[in-house]
Every structure is written in C-alpha cells, then in structure tokens.
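Written below as structure tokens is the structure these notes are about.
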There are 2 protein chains.
Amino acid sequence: MAERHPQGTRVLRRINTAAVLAAVRDADGPVRLTELVELTGLTRPTVTQAVEELLDSGWLQQHAAEPSSLGGRPAVRVSLNGRAAPVLGLDVGPHTVTAGVADLAGEQLAVTRKPVRRKGTTHLLAVIDAVTEEALAAADVTAGRVAMVAIGTPGIVDGEKGRVLFAPSIPGWSSIDLVDHLRARFRCAVGVENDANLAALAVAHGRDGTLLAVQWGERLGAGVVIDGRLHRGAGEAGEIGFIRPPGHNPRDDDGRGPLERTIGAEAITALARAAGGARLDTAADAAEVFAAAADGDPAALDVVDRVARTFAEAVAPSVLVLSPHAIVISGGVARAGAVLLDAIRRHLEDLTLTPPALELSDLAEHTVLTGALRMALDRVWRQRLAT
Amino acid sequence: MAERHPQGTRVLRRINTAAVLAAVRDADGPVRLTELVELTGLTRPTVTQAVEELLDSGWLQQHAAEPSSLGGRPAVRVSLNGRAAPVLGLDVGPHTVTAGVADLAGEQLAVTRKPVRRKGTTHLLAVIDAVTEEALAAADVTAGRVAMVAIGTPGIVDGEKGRVLFAPSIPGWSSIDLVDHLRARFRCAVGVENDANLAALAVAHGRDGTLLAVQWGERLGAGVVIDGRLHRGAGEAGEIGFIRPPGHNPRDDDGRGPLERTIGAEAITALARAAGGARLDTAADAAEVFAAAADGDPAALDVVDRVARTFAEAVAPSVLVLSPHAIVISGGVARAGAVLLDAIRRHLEDLTLTPPALELSDLAEHTVLTGALRMALDRVWRQRLAT
DNA sequence: GAATCTTTATAAAGCACCTTTCATAACCTC
DNA sequence: GAGGTTATGAAAGGTGCTTTATAAAGATTC
C-alpha cells in the first residue's frame, strides 16, 4: 500500500498555487493580483506567494505596471505564459502526416504537413520525424521543452497503453512501437488515440454534456465525449460504421463496416447513379448529389432522404441509450449542409423520444490535429492542477 | 465570484481525516492504528488526531483491545460506525411501496413494503409515510439521524432537480413535489431517480468500466453506468424500450415503446401462442416458453431465437457506440436463463466487433431499493470525503 | 502645490497543522 | 525476568496561512 499520501503543509501550497493558476488561465488577459484574491477566495499574502512561485517556474509572466484609471498604486499584472509547457500533436494518416505545436492557452503556434510517398514503416517514421522537426522549428520550441505529445492515427488504438492494435489502412503500422520511438526524442508522456476520437474531442471543445461526434466521409466513425472527456468504454466506442442497416447482406469483408458500405461517400454516389435522372447520371461524387438535392432535383432529394433515413435508423438506438445533448457531423459529407441535416432531423424526430440537437461541425481543417493538441493540453493541465 | 476557497491549515485536517476515514471504510473489519499509518501514508500523530476527531463525531467506533498474536502492546482498533449516517431508500411503484434503511457499510438494516390499495396521490403519500415509519422503527433509526434519502420511481425523472416529469403508470404522480414532502420530515438531501437507473446502479455495484444494465419484464428499460456513476445524458439515457425494431409498424401509442411491444414478456407469450405446437399452445407466460425451449421444444427454441435476435439487433448499435464491458439482464425475463442468453450472445457476436460480456443479474429482489440505497450511500460518502 | 483618499505592496506577528524525536507503557516469547 | 516488539504520549521544530500594521504610488480635491 503506502500510497505516500502528500504530507505536511506543502500540500496546501500545491492546492493554492493550482487554484491561482487555474484562475489566471480562466481569466482572459492579464489579471491584477487583487482580482486573483477575489477569484480564488484566498488571502493576499497567499496569492502573492503562489504567484511568486509560478513566476519563478515560468508558468506566469509579469506585465509592466500600468497606471489604473481608478487611482491608487499601479497593480502588478500577470498572465499565463503559454510557452511554459508547449505540446506537440500529430495526425498520422496513410497518405499524410501533420504536426502541430500549441501553447498552454490552446493557441496553435505552428502546423506543418508532409505527404507519405513510399510505403513502409521506416519511411513513415522518417516523415514523422521531419514534420515534427519542422513544426518545432516554426514554433521556436525545442524538443526538450515539449510537455506532452499526442498522436492520432486510424485503426483501433489502446489509448491507455499507447499501442496501435489494428490499422488496416497503414500496413505494418500496428507492429512498431510509436510511443517508444517518440519518447526517445521527447522527455515527456506520449499518448496515442484513434483519429475519430480525437476529432470528436476537437468538435466537443467548449461543449458540456454528452456529445456524439460523427466523422462522415468515405468512412464513417464517431467519438463519444461526455462532459469534455472521451468515452472509450471497453476500447471500441463510437464504431458506428459497423452498425448493420436492416436488410443488409453481409458480403465479403473489405475492412469497411456495413453502414460505411451503405451510406459512405462512395456509396452515396453509387446510389445516385442507380437512381438515374438527368443530373445524377453525371454526378462524380457525393457533393454533386447534395448540390442537386439543394436545387430541388426530385431524384436527388429521394437519394438524400434514403441516406438520411438509413443514418437516422442506425443512430436512433444509440440516441435512446446514450441520450446525447447533440450530434455533430463533420467530414466530407458534412459539406452537404442543410439538405441532409434537415432530412436526418425529420427521421430522428420520428425514431426517438426527444431528439438531440443536430449540427454540422464548423471546424475547417486539421480536425484530428486540433483534437490531438486538445488532448495533450488537457492532460498537461490535469497533471499540473492535480491536487 | 469568491467561491470562498477553504482557507488555512484546516483544509489539511479535512483532507487527512477524509483519507483516514476512507482507509477504514475500505479495510474490512477493525483496523489497527499502525495499519492506518501504512495505508494512508500519513504519520502517526496525524492519524491519531484524525481518528480522535472521527471517534468524537461518531463515524468511527473503538474496539476492545485484543492481545496481538505478534507480541507487543495490544493495539487500539477502530472500525466504521455504520450507524453514524444511515440512509433511507424508497421504491415507489404503481402497486407497491418499498422502503429500506442501510448503514454506511451498505448493510441493509431493514426493508418493509406495503401495497398501494387505492388510487390518488394522497393515499400514496400516506403509504410512503407509513412504510418509511416502519422501516425506520425496524432499523432503530430516528428520522433526524437519516443522512440521505433516495427514491426510485417509474417514469421520466429529472434526477438533478428531483422532479418527476412524466409517469404514465402512476396518475397524478408527476404533479406532487415528493422532495418537499420528504424534506419536511428529514433534515437532509432527498434525491429522486428513475427506477431502471437505480436498478442499474444496484447491478453495477462492484463493477468497473461501462455497463448496460437491462431490465426486461413486461416493460423494457436499461441504465447506463460508467465507472460506477450513472450516465444520464440529456436526461433520458437507457430507453431501449423505445428502439424500433426493423419492420415495426407504429401503432397507436399505449405508452409502451416499440421494442417493449415486440419482445416484452407479454409479447413473448403472444409470439409463442402464434407459433403453436403442443407445449406452446398452453403456455400461460413467458417463463413456460423458456422452459419449453430449455427442454428442446423446437417451436419454443424458434421463438426464443427470434426474440433473442430482435433484442440483439436492437442493442447492437448501442454496443458499437458505447462499447460496454458488460450487458447484464435482470427482471422477469432474466429467469429464462442460459437458453435466452446463449441465443443473444450468438447473434451479438454476428452483429458487433467484440461483443461485451453477457450476464444475468443475480440480484434476487428489491433491486430498485438496493439501487436507491446505493445512490444515497454514494452521495453521503462523496459528500463526506469531498475535499 | 499640499492634503487627502484610494488602491496596492511589503513586512511582521500569531496561529494551526504536520513531522520528527524521544521517552514511556504494555505485552509476548524465550 | 530479560529482551524484543508494538503501541502510546508529549515536546520541539518546521512550514504555511491569516491577521495586522506600515509603506508606496497615483488620483482627486481644495
């Protein structure tokens, strides 16, 4: 046993500095000491000491004294030093690797990406190293300063142990120990997570409650975020692509799930072709199908409605069980816009008790990277503020 | 703001007494002071002071000195005084009200139940009062000592505000303010929760991870428990009875959900009748259908398989999204045993990636009451151990 | 321009709690 | 009964927070 429970009055110091640090973080812009006293409920000498400690350790920075408009002696003002603990995020995909560096406030200092030209894990690792190097240089951060690394990658990932268990889209990927490779360069914890989960984290940022964040493109996945924390369950939460629509005949396995094969971006195009009609015959991709539907093309509207119905039927059981506050759709199909969303909403109203809010993600790019940075930051803060 | 952050070294005392109390709780049976020192990592004088305080406040009780087998001076031994903060649980159903009293260790001190003979909320409240009185008397606990009250009731409940929003099975129930009525008698917090949710808590006790606890009888509901805490979502989590099976024609609403109408206990009997055959023609209830299936009756086996398939198809999407570690089935249909369970397991293996453990609940009776007591206890402990 | 008020910063005194250390007590085994 | 083991109790020392008092810097007022 002997958990070595923190002893002595030092714990108090820890708790109080954490409270002060959290108060500075939550405020925006420089904060006066007196404000911190009010925000934390601590006494002035306590806050003074905590701030002193935080200035020494680099987490806070002092601003020039500025005469207050209220009269009185100018106040000392401090703010978060974002560069105290920068974090590195990586989005490792089959064709591209993206790296990003963010500061403590969540500001993205640099983002770089590189294509993966050849197959093989050796090349992939080299690309990862190169992209990382570039991002760090652009952000003017040395590897030794990085406080946390988070990696997003497709496939099934054991988030707790940091292992890639199964990644059909990147051959050989599951066998290399990515964490060890990066821990050799960085003196900090390294986390790995499924890319759909990280995208969900990115989408969930700033939201409370329960969220189902759907990534809908060629593939179809989702992440479940409950009160800002990723829900992993037994390890494979959010795999909506493998939901089997009614009447689906399991064909031979190509790695994709039944629902992906039925209403993935590719399948939507195929459905439109089969439906025929003047505009749909020439539709090259899902976007054109949705555009036609938006223009009122009856055949396209019918296809969209069938797709929406299949989606609604697939997620309705989960809506009833999970009772999410919102479902947010991102990915290529999200660009369909209101046409698809309204149709889904209509069907969900029919299939659930009180349907959740249904939205499209407004995150433009780098969703997975943003999620990785968010996870890294979240862990850094959790670590720093833990009592 | 000014959250009035706890000040001074008094916080330390709070933290340390909480640590000691938790250590005593987690140990089973009387604990020596020296053991507590090891368990908490605190120093002896600190533990001594904390124990003194806890003895004074009644949370701990001292045992007679008992010569140790190791030699040396006999140690002072303390243990949890379960009666320091007894909790009251209530299961308010349409036909019966059950009350129970438990001590801090979770031991049920008394359980009483009374039928509800007449309709109307006045009578119902009178029954609640009478049952409560009896349970308290049997447990030898005065109302003033009760530290927490938790109530389980069917319908849709706002667990945070303690309001019954919608309860079709108990007319007029949603309008009365149960919490206020009970708070007049008890000087403590009063919580209300949906009965299926409480049953889920009872089933989840001692389990980690994510759990889907299904109540399957005439009605069909479920509770989601994640790491020992009830998942409420937007307020209606676990409503699997309203999942719509493929091909289901929405008939006029009788308050029950589509899945309940399809594979509830009543529907199973009807299915068996329709299937015909020597044994099924006379089947009076679902239990006889399962008995026939267990005996190998082909028609009964077919019915069970269809029921299992419908259930598996209904929950499979949620399994993929939620990734529960286990699904536990309780309620009347749970008595079907292995016949049903094996069939469900077979279908789930086909419909999910890695199927969760599938089990029957071994909680015999008073599941809702047990859950209510568990929720009350959980809150009491959380309150007492909060730093 | 000096006095006064307001706001903030700094320092010292006092209190609470934990930790260390030493002495004492009770009991067992040999 | 001697020696070892385990537990108790009291005093001294350290750290951190709170209270109180004093000083500094600027705005306002007369």
Side-chain angles (χ1 to χ4, degrees), chain A residues 2-21 23-24 30-57 60 62-79 387, chain B residues 2-21 23-24 27 30-56 60 62-79 387:
Chain A
E3 311 164 14
R4 214 62 210 146
H5 209 273
Q7 292 153 334
T9 47
R10 214 157 302 161
V11 200
L12 273 184
R13 177 60 67 90
R14 275 258 306 281
I15 294 174
N16 287 337
T17 45
V20 169
L21 185 57
V24 176
V31 200
R32 291 178 299 130
L33 238 63
T34 314
E35 281 181 279
L36 286 177
V37 171
E38 281 169 14
L39 286 167
T40 58
L42 302 170
T43 58
R44 171 169 278 277
T46 309
V47 173
T48 307
Q49 278 201 314
V51 165
E52 219 163 88
E53 196 174 307
L54 290 167
L55 284 171
D56 282 348
S57 62
L60 294 186
Q62 193 159 356
H63 287 245
E66 190 179 72
S68 86
S69 57
L70 297 164
R73 179 172 176 170
V76 168
R77 282 148 61 246
V78 294
S79 67
T387 57
Chain B
E3 312 165 12
R4 216 62 211 144
H5 209 272
Q7 292 154 335
T9 46
R10 214 156 301 159
V11 200
L12 271 183
R13 177 61 67 89
R14 276 258 303 284
I15 295 174
N16 288 336
T17 46
V20 170
L21 185 56
V24 176
V31 200
R32 289 177 300 130
L33 237 62
T34 313
E35 279 180 280
L36 285 178
V37 171
E38 282 170 14
L39 285 168
T40 59
L42 302 169
T43 57
R44 171 170 280 277
T46 308
V47 173
T48 307
Q49 276 200 315
V51 166
E52 221 162 85
E53 197 174 307
L54 290 167
L55 285 171
D56 281 348
L60 294 187
Q62 194 158 355
H63 286 246
E66 190 178 70
S68 86
S69 57
L70 297 164
R73 179 173 176 170
V76 168
R77 282 147 63 244
V78 294
S79 68
T387 57

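No hydrogens, no waters, no symmetry mates; every other heavy atom, side chains included, goes into these values. Letters A, B, ... are given to chains in the order of the sequence lines, protein chains preceding strands, and every chain is numbered from 1.
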For this session: Would you mind reading off the distance between B/Asn16 atom CG and C/dA16 atom P, rounded to a whole angstrom?
Result: 17 Å

Exercise. Would you say A/Glu35 and A/Arg32 make side-chain contact, with heavy atoms under 4.5 Å?
Worked result: yes

Problem set entry | Whole-Å gap separating C1' (D/dA7) and CD (B/Gln62) | 13 Å

For this session: Grab the two heavy atoms, one from A/Pro30 and one from A/Ser79, that are nearest each other, plus how far apart they are.
Result: CA-CB, 3.9 Å

Problem set entry | Presence of A/Arg13 side-chain N/O under 4.0 Å of D/dT15 phosphate oxygens OP1/OP2 | no

Shorter than 3.5 Å, N or O on both sides, protein versus nucleotides 9-15 of chain C: list them out with atom names.
{"from": "C/dA9", "atom 1": "OP1", "to": "A/Val76", "atom 2": "N", "distance (Å)": "2.7"}
{"from": "C/dA9", "atom 1": "OP2", "to": "A/Arg44", "atom 2": "NH1", "distance (Å)": "2.5"}
{"from": "C/dA9", "atom 1": "OP2", "to": "A/Arg44", "atom 2": "NH2", "distance (Å)": "3.1"}
{"from": "C/dA9", "atom 1": "O4'", "to": "A/Arg73", "atom 2": "NH1", "distance (Å)": "3.3"}

Exercise. Rounded to the Å, how far apart are B/Ile15 CD1 and C/dA16 C1'?
Worked result: 14 Å

Seminar exercise, completed: note: B/Glu52, atom CD; C/dC17, atom P; distance rounded to Å ~ 13 Å

For this session: Tell me, please, which residues at least two apart from B/Leu21 pass side-chain contact (heavy atoms from CB on, under 4.5 Å).
Result: B/Leu54, B/Trp59, B/Leu60, B/Leu80, B/Trp381, B/Arg384, B/Leu385

Problem set entry | Non-hydrogen side-chain atoms of B/Val11 and A/Leu12 separated by less than 4.5 Å | yes

Exercise. Any side-chain heavy atom of B/Gln62 sitting closer than 4.5 Å to one from B/Val76?
Worked result: yes

Exercise. Rounding to a whole Å, what distance do you find between A/Arg10:CZ and D/dG16:P?
Worked result: 6 Å

Exercise. Would you say D/dG16 has OP1 or OP2 under 4.0 Å from some side-chain N or O of A/Gln49?
Worked result: no

Exercise. Residues two or more places apart in sequence or in another chain: which of them pass side chain to side chain donor-acceptor pair (under 3.5 Å) with B/Thr34?
Worked result: B/Arg44

Exercise. Rounded to whole angstrom units, what separation is found between the CG atom of A/Leu12 and the P atom of C/dT19?
Worked result: 11 Å

